[in-house]
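Here is the structure we will look at.
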Amino acid sequence: MPELPEVETVKRAIGPLITGNQITHVFVGRKDLRWALPVCLESQLSKAICHAPYRRGKYILIPIGDEQTLLLHLGMSGSIRIYPNRPNLQKHDHFAIGFEGNGWLVFSDPRRFGYIDLFANSDITSHRLLKILGPEPLSEEFTPEYLSKKVEHKTCSIKSFLLDQTKVAGIGNIYASEALFKAGISPKRQAKTIKGKRAERLVPAIQVILKKAIEAGGTSLRDHIQPGGEIGYFVQSLQMYGRGGESCPNCSAAIRVLKQSGRTSFYCGICQR
DNA sequence: AACAAGACCTGCATGC
DNA sequence: TGCATGCAGGTCTTGT
């Protein structure tokens, strides 16, 4: 489900509830998410103070106390909700934290592709899931020059390349399709051909799409909701994703659907070359 | 080494 | 109505 904009939306929404707040209750339901939850999660978190959450790629990171960090990944179907008072937990609510002042944070994930970990702050740069991530697409590090360099000799499609979190961290299936449309680049194009003018179009296209999606609270298709219960409104701004057979907003040609590396791509065969 | 396909898991829409 | 099928915002693991 969640790509960078959805995760960023969640991070921003939970900040006011958890920052500087002390944990009073910890609930762990099913421990078999994508991987088994860390042992003693309850006792490790109990009574600790949470600090300001931040995001890396599609991961939410919450400093706990002085020495540890809680890592959350929402997988395909995960969501985080917040409540002013203790909620009645539902079937797929696998993890929940209660705070001083009665606020609650609930992690829900029907498909259980999500993941929760707790690790020492000293391991932040060596954590197996974090250390492989490429730069943030909204950072100064992600430039046309960086992209041109990384795609060298890559014969895979640019669409598959953009989904590789080790190259750039946070882009998923929706925003890859949207950004390629905005840049006028075919998802089938070999990655190594994205240099010069094409790279100069694609990098800002990615950045504009992601920023607008964040402003809209992300894209709600099936599972994504903002922690306060609001949906994400960027779904109304999607030009390609999920619109197979509809007319291209630019040239009116039928939007095409394609499978690449097991993922569906949507594109305009006229506007994207 | 690089890439594509498979696997993980549940819920929902569709069609017979 | 019931059942089978296919699909879904991710990504690690396996196979070619």
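Below, chain A is the first sequence line, B the second, and so on; all start at residue 1.
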Below 4.0 Å: OP1/OP2 of [N] and any side-chain N or O of [X]:
{"X": "A:Ser77", "N": "B:dG11", "result": "no"}
{"X": "A:Lys91", "N": "B:dG11", "result": "yes"}
{"X": "A:Lys259", "N": "C:dA8", "result": "yes"}
{"X": "A:His153", "N": "B:dA1", "result": "no"}
{"X": "A:Arg263", "N": "C:dG10", "result": "yes"}

- Centroid under 5.5 Å and tilt under 30°, A:Phe113 to C:dT11: no
Under 4.0 Å, counting only non-hydrogen atoms across every strand here, what does [X] touch: a base, just sugar-phosphate, or nothing?
{"X": "A:Leu129", "value": "sugar-phosphate"}
{"X": "A:Gln165", "value": "sugar-phosphate"}
{"X": "A:Thr155", "value": "sugar-phosphate"}

- Mark yes or no for a side-chain to base donor-acceptor pair under 3.5 Å between A:Arg34 and C:dT11, with no hydrogen or angle criteria applied.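 Such a pair is found, so the answer is yes.
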- Item | Base B:dC9 paired with A:Arg111 side chain (donor-acceptor, <3.5 Å) | yes
Are any of the side-chain nitrogens in [X] or [Y] under 4.0 Å away from the carboxylate oxygens of its partner?
{"X": "A:Glu136", "Y": "A:Arg56", "value": "yes"}
{"X": "A:Glu6", "Y": "A:Lys58", "value": "no"}
{"X": "A:Asp164", "Y": "A:Lys167", "value": "yes"}

- Taking Watson-Crick and G-U wobble pairs with both distances under 3.5 Å, convert DNA chain B into its dot-bracket string, 5' to 3', dots for unpaired and | for cross-strand pairs. .|||||||.|||||||
For the pair made of [atom1] in [X] and [atom2] in [N], what is the distance, rounded to whole Å?
{"X": "A:His92", "N": "C:dA8", "atom1": "NE2", "atom2": "P", "value": "20 Å"}
{"X": "A:Glu152", "N": "B:dA1", "atom1": "CD", "atom2": "P", "value": "18 Å"}
{"X": "A:Tyr59", "N": "C:dT11", "atom1": "OH", "atom2": "C1'", "value": "8 Å"}
{"X": "A:Leu4", "N": "C:dG10", "atom1": "CG", "atom2": "C1'", "value": "14 Å"}
{"X": "A:Lys58", "N": "C:dC12", "atom1": "NZ", "atom2": "C1'", "value": "13 Å"}
{"X": "A:Tyr241", "N": "C:dG10", "atom1": "OH", "atom2": "C1'", "value": "12 Å"}
{"X": "A:Leu258", "N": "C:dC7", "atom1": "CG", "atom2": "P", "value": "14 Å"}
{"X": "A:Tyr115", "N": "B:dA7", "atom1": "OH", "atom2": "C1'", "value": "18 Å"}

Nearest to the [X] side chain among [options], which nucleotide is it?
{"X": "A:Pro110", "options": "B:dG11, B:dA4, C:dT11", "result": "B:dG11"}
{"X": "A:Lys154", "options": "B:dG11, B:dA2, C:dG10", "result": "B:dA2"}
{"X": "A:Ser261", "options": "B:dA4, C:dA8, C:dC12", "result": "B:dA4"}
{"X": "A:Thr264", "options": "C:dC12, B:dC3, C:dA8", "result": "C:dA8"}

- Task: Measure centre to centre between the rings of A:Phe119 and A:His127, then say whether the value is under 6.0 Å.
- Result: yes
- Is the distance between the ring centroids of A:Trp104 and A:Tyr83 less than 6.0 Å?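 Distance test on ring centres: not under 6.0 Å, no.
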- Less than 4.5 Å apart, any side-chain heavy atom of A:Glu230 and any of A:Ile225?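 In short, these two side chains do not touch, never coming nearer than 4.5 Å.
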- Message: Distance to the ring centre below 6.0 angstrom and angle to the axis at most 45 degrees; does that hold for A:Arg128 and A:Trp35?
- Response: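 Pair A:Arg128/A:Trp35 counts as cation-pi.
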- What interatomic distance, in whole Å, is found between C1' of C:dT11 and the corresponding atom of B:dC12? 23 Å
- Is it the case that A:Tyr54 and A:Glu8 place a side-chain donor and acceptor less than 3.5 Å from each other?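 Judged by distance alone, the side chains do not pair up.
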- Can you tell me if A:Gln68 uses its side chain to pair, donor with acceptor, with the backbone of A:Leu118 under 3.5 Å?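 Such a contact is absent between A:Gln68 side chain and A:Leu118 backbone.
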